[in-house]
Amino acid sequence: MLSKREVFDGVPEEYLSHKERYENAIRNSVVAFSLVRKMQEEGKTSINNYRDVVGGLLGSSVLRDGSPLGLHYIMFMPAILNQANEEQQEKWLPRAWNCSIIGSYAQTELGHGTFIRGLETTATYDAATKQFVLHSPTLTAYKWWPGGLGQTANYCIVVAQLYTKGQCHGIHSFIIQVRDEETHMPLPGIKIGEIGAKLGLNAVNNGFLGFDNYRIPRTNMLMKHAQVLEDGTYVKSRHSKLNYGAMVFVRVVIVFDMVNYLSKAVTIATRFSAVRRQCQLKAGETECQILDYVTQQHKLFVSIAAAHAFRITANKLWLTFNEVNEQLVEGNLQRLPELHALACCLKAVTTADTAACVERCRLACGGHGYMMSSSLPLTYGLVTAACTYEGENTVLLLQTARFLVKTYQQLDSKALTPTVAYLKTAAAERFCVGWSNTTEGIIRGFQVVAMRVIIMSTFNEEVQEMSRTVSPQLKEVLHQLVDLYCTYWALEKLSDLLLYTPISQKEVESLRLRYEETLTNLRPNAVGLVDAFDLRDEMLQSTLGSYDGRVYERLMEEAMKSPLNAEPMLQSTLGSYDGRVYERLMEEAMKSPLNAEPVNYTFHKYLKPFMQGKL
Ligand SMILES: CC(C)(COP(=O)(O)OP(=O)(O)OC[C@H]1O[C@@H](n2cnc3c(N)ncnc32)[C@H](O)[C@@H]1OP(=O)(O)O)[C@@H](O)C(=O)NCCC(=O)NCCSC(=O)/C=C/CC(=O)O
Ligand SMILES: Cc1cc2nc3c(=O)[nH]c(=O)nc-3n(C[C@H](O)[C@H](O)[C@H](O)COP(=O)(O)OP(=O)(O)OC[C@H]3O[C@@H](n4cnc5c(N)ncnc54)[C@H](O)[C@@H]3O)c2cc1C
């Protein structure tokens with residue numbers, strides 16, 4: 001095991017250089033993931049449920065700004081599980097599971113992220129040698145972003161346009177070795193490095209990858225869904241989008257990640273708001289807790305309710321994901337479009353709402369929320385990235401809209417899948433005959449809005465589910481959270497409700513009163529509700545949100561650790577007058593100190609012993 005001394009003990013990551021941050025991340029990651037390997041050996045985690053364990057580690061204080069090994073678990077292994085046939089799984093999964101190989105997932109290119117049918121990397125089959133030739137025809141064809149690829153991974157899943165017998169069959173996945181397992185040097189025909197400093201996740205070691213007519217065996221094409229036979233014959237998949245399966249899985253998992261990040265941020269902000277006293281309600285009185293201000297409650301309480309709403313939604317989505325995947329295994333593809341639309345919608349909505357809520361939590365803490373030591377800026381950096389990766393939010397919402405429009409157009413000719421069944425009810429009868437300022441009334445209002453503008457929004461199953469399984473006291477508080485969440489969004493989306501429902505001005509006024517009553521009712525339970533997230537100080541890593549409330553002493557202790565560093569402002573690679581965006585992105589990437597050396601010392605000292613099970 002590593003001695004405490006070898007880890008940058010006591011110096012917060014913010015004060016490490018870019019290179020030191022990577023080296024620190026490797027040390028922390030091999031220690032953390034050795035724990036996962038120990039749990040595997042003891043049968044405490046399996047290939048089917050490792051995500052909980054890994055997800056907890058990736059969101060923990062040990063790997064607080066991500067890990068160079070994250071993609072190995074987040075996408076490399078799921079891609080093998082989802083896209084490789086049985087023979088390939090037997091070959092690759094054991095080595096991936098015990099980390100004797102470290103993988104990444106290389107789909108996005110400098111020139112394309114959203115439009116994956118436009119990816120430029122080619123994989124051309126050579127029947128004479130039974131090999132695929134991987135090539136990056138242009139600079140924009142270089143893979144750009146894959147986590148861990150910069151200096152860490154020695155294998156990766158590469159998504160490329162498949163050519164055989166002179167015909168293009170679209171994008172397919174391949175497992176490709178990019179570095180020598182002994183020396184970790186890039187293999188001949190491979191151009192590889194890291195892309196440089198980012199807004200956040202600076203420990204992830206995102207990389208770039210270019211191929212120069214690089215040959216791999218035919219059997220390195222992942223062939224669960226489509227195949228290329230030895231003579232070059234292409235056998236197509238039952239459904240063209242089964243190759244997109246890894247993305248659907250990760251979008252589902254991201255919803256769980258948002259629950260963790262939002263719970264942390266609102267715990268920090270709510271506890272700080274109970275400690276912070278500012279201004280007097282009456283002259284001469286003691287300054288009051290800022291948590292007593294309705295404006296502060298308006299900022300924070302909806303985030304507490306959202307964390308619970310997202311947790312319930314994430315669990316429901318996970319059940320749906322497993323149901324649909326069991327059906328896919330039996331050849332029933334009927335619910336795949338619904339799963340895709342659901343995963344797109346909930347990944348986009350939960351990441352966007354969580355980013356907005358985390359920023360609101362930061363703002364609710366005044367200047368102290370702007371301190372890195374509060375952990376709120378770091379959390380914002382992690383969450384806002386999720387609005388972009390695994391499918392940029394705008395584009396994913398368009399995918400959901402496309403599915404809902406199609407569903408609506410087939411309302412009378414096709415049986416509806418469970419999550420959109422409400423569209424038939426909402427369309428069939430005078431669904432919203434009058435407005436009622438109840439949770440059910442608001443949900444029906446949104447269903448009418450959704451029906452009319454084909455936007456899906458409902459979580460009423462969870463309300464019924466909740467009334468069966470909790471004590472009367474807890475039910476009352478949870479109903480207050482549901483009420484708060486509904487009335488908050490009814491007031492936020494008032495224009496839609498006024499346009500599409502018979503809500504009256506008088507009812508809007510009583511809705512506002514009801515909202516403020518709910519804030520007041522929740523106030524006594526606010527700190528208890530965030531304590532219920534049961535997040536230890538080590539997880540929060542926040543001077544503001546510690547359980548003991550010693551905010552000011554901790555702020556001072558952290559401030560005393562600061563060596564003074566000023567990083568020069570960087571010019572923008574994207575906004576240069578000459579438009580040489582891609583060349584500048586690559587030029588800037590090559591300035592990274594990590595790219596100055598072919599192999600970072602941490603490979604031989606830490607990563608290789610870890611991969612050989614010797615750590
Ligand atoms: C935007 C996408 C989905 C468009 O894909 P495209 O092939 O162009 O499909 P169409 O828009 O033409 O729709 C055709 C048809 O296919 C259905 N469909 C699309 N995607 C899926 C899917 N995943 N599963 C099932 N079905 C799907 C669609 O509904 C249509 O059905 P119809 O019945 O209406 O015909 C695509 O380009 C896309 O997904 N773009 C986003 C790329 C992305 O997510 N990249 C992630 C890279 S990995 C990463 O970011 C890692 C991050 C690190 C980390 O997670 O930590
Ligand atoms: C932190 C981080 C980690 C990542 N890790 C990985 C990884 O490990 N592996 C990997 O392969 N990729 C990874 N990515 C890349 C990520 O998947 C892409 O950034 C994402 O898919 C968006 O593609 P893009 O960056 O090309 O943006 P673009 O698709 O160019 O989007 C730019 C803008 O154009 C808009 N736009 C694009 N298409 C449309 C449309 N059809 N309609 C309307 N508007 C549109 C978008 O909404 C957006 O506002 C990572 C990204 C980040 C930020």
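In each ligand, atom 1 is the first atom listed, and ligand 1 is the first ligand listed. Nothing here was measured: the structure is a model prediction, and the numbers come from that model.
Checked against His225 for a side-chain contact (heavy atoms from CB on, under 4.5 Å), the options Asn82, Val235, Asn85 give a single hit: Asn82. A ring pair (Phe, Tyr, Trp, His ring centres under 6.0 Å) with Tyr155 is found for one member of Trp92, Tyr105, Phe76 and no other, namely Trp92. A side-chain contact (heavy atoms from CB on, under 4.5 Å) with Arg335 holds for exactly one of Leu328, Thr320, Leu342; it is Thr320.
Phe208 and Trp144 have parallel rings, their planes meeting at less than 30° on a 0 to 90° scale where 60° marks the start of perpendicular.
Of all the atoms in ligand 2, the ones that sit under 4.0 Å from a non-hydrogen atom of Gln107 are 11 (O). Listed by number with element, the atoms of ligand 2 under 4.0 angstrom from any heavy atom of Asn206 are 3 (C), 5 (N). Close approach of ligand 2 to Leu71 (heavy-atom distance below 4.0 Å) involves ligand atoms 8 (O).
Between Ser374 and Arg362 there is no side-chain heavy-atom pair separated by less than 4.5 Å. Between Cys99 and Arg37 there is a side-chain heavy-atom pair separated by less than 4.5 Å. In this structure, the side chains of Lys198 and Asn206 come closer than 4.5 Å at one or more pairs of heavy atoms. Side-chain contact check for Ile192 versus Arg179: some heavy-atom pair is nearer than 4.5 Å.
Checked for salt-bridge contact, Arg27 and Glu23 miss the test: no charged N lies under 4.0 Å from a carboxylate O. Salt bridge absent: Lys608 and Glu181 never bring a charged side-chain N and a carboxylate O closer than 4.0 Å.
Protein heavy atom in closest approach to atom 8 (O) of ligand 2: Gly147 N, 3.1 Å. The protein heavy atom nearest to atom 40 (C) of ligand 2 is Val395 CG2, 4.1 Å. Of all protein heavy atoms, the one closest to atom 23 (O) of ligand 2 is Gly113 CA, 3.3 Å. Of all protein heavy atoms, the one lying nearest to atom 7 (C) of ligand 2 is Pro146 CA, 3.6 Å. The closest protein non-hydrogen atom to atom 46 (C) of ligand 2 is Glu392 OE1, 3.3 Å.
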Working note: Phe211 + His135, criterion ring-ring contact (aromatic ring centres under 6.0 Å, His included); need CA distance, chi angles, decisive distance, verdict.
CA-CA 5 Å; Phe211 297 102; His135 190 59; 8.9 Å; no
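Under the 4.0 Å distance rule, the nearest protein heavy atom to atom 3 (C) of ligand 2 falls inside the cut-off. By the definition of a contact as any protein heavy atom under 4.0 Å away, atom 30 (O) of ligand 2 is not in contact. For atom 34 (O) of ligand 2, no protein heavy-atom neighbour is found at a distance under 4.0 Å. Under the 4.0 angstrom criterion, atom 25 (O) of ligand 2 counts as lacking any protein heavy-atom contact.
Between Thr602 atom OG1 and Asn24 atom CG the span is 10.5 Å, to the nearest 0.5 Å. For the atom pair CD (Gln151) and NE2 (His184), the distance works out to 8.0 Å, reported to the nearest 0.5 Å. For the atom pair OG1 (Thr313) and CG (Leu346), the distance works out to 6.5 Å, reported to the nearest 0.5 Å.
Residue Thr108 holds the heavy atom nearest to atom 11 (O) of ligand 2 of all those in Thr108, Leu149, Thr394. Summarising the contacts of atom 9 (N) of ligand 2 with Trp145, Tyr105, Phe115, the nearest heavy atom is found in Tyr105.
Of all the heavy atoms of Thr388, the ones lying under 4.0 Å from any atom of ligand 2 are found in both the backbone and the side chain. Proximity of Leu398 to ligand 2, defined as any heavy-atom pair under 4.0 Å, is confined to the side chain (atoms from C-beta onward). Counting heavy atoms closer than 4.0 Å to ligand 2, residue Leu201 contributes side-chain atoms (C-beta onward) but none from N, CA, C or O. Of all the heavy atoms of Val159, none lies under 4.0 Å from any atom of ligand 2, so neither backbone nor side chain is involved.
Geometrically, ligand 2 and Thr114 share a nitrogen or oxygen pair separated by less than 3.5 Å. Residue-to-ligand polar distances keep Ala106 apart from ligand 2: every N/O pair is separated by 3.5 Å or more.
For ligand 1, the protein residues within 4.0 angstrom (heavy atoms only) are Leu71, Ile74, Met75, Tyr105, Gln107, Thr108, Gly113, Thr114, Ile116, Arg117, Lys241, Tyr244, Met247, Val248, Val250, Arg251, Leu336, His340, Tyr389, Glu390, Gly391, Val395, Gln399, Arg402, Lys406.
If you look at Tyr125 and Phe132, their ring centroids are closer than 6.0 Å.
Of all heavy-atom pairs between Gly391 and Leu396, the closest is O-CD1, 3.3 Å.
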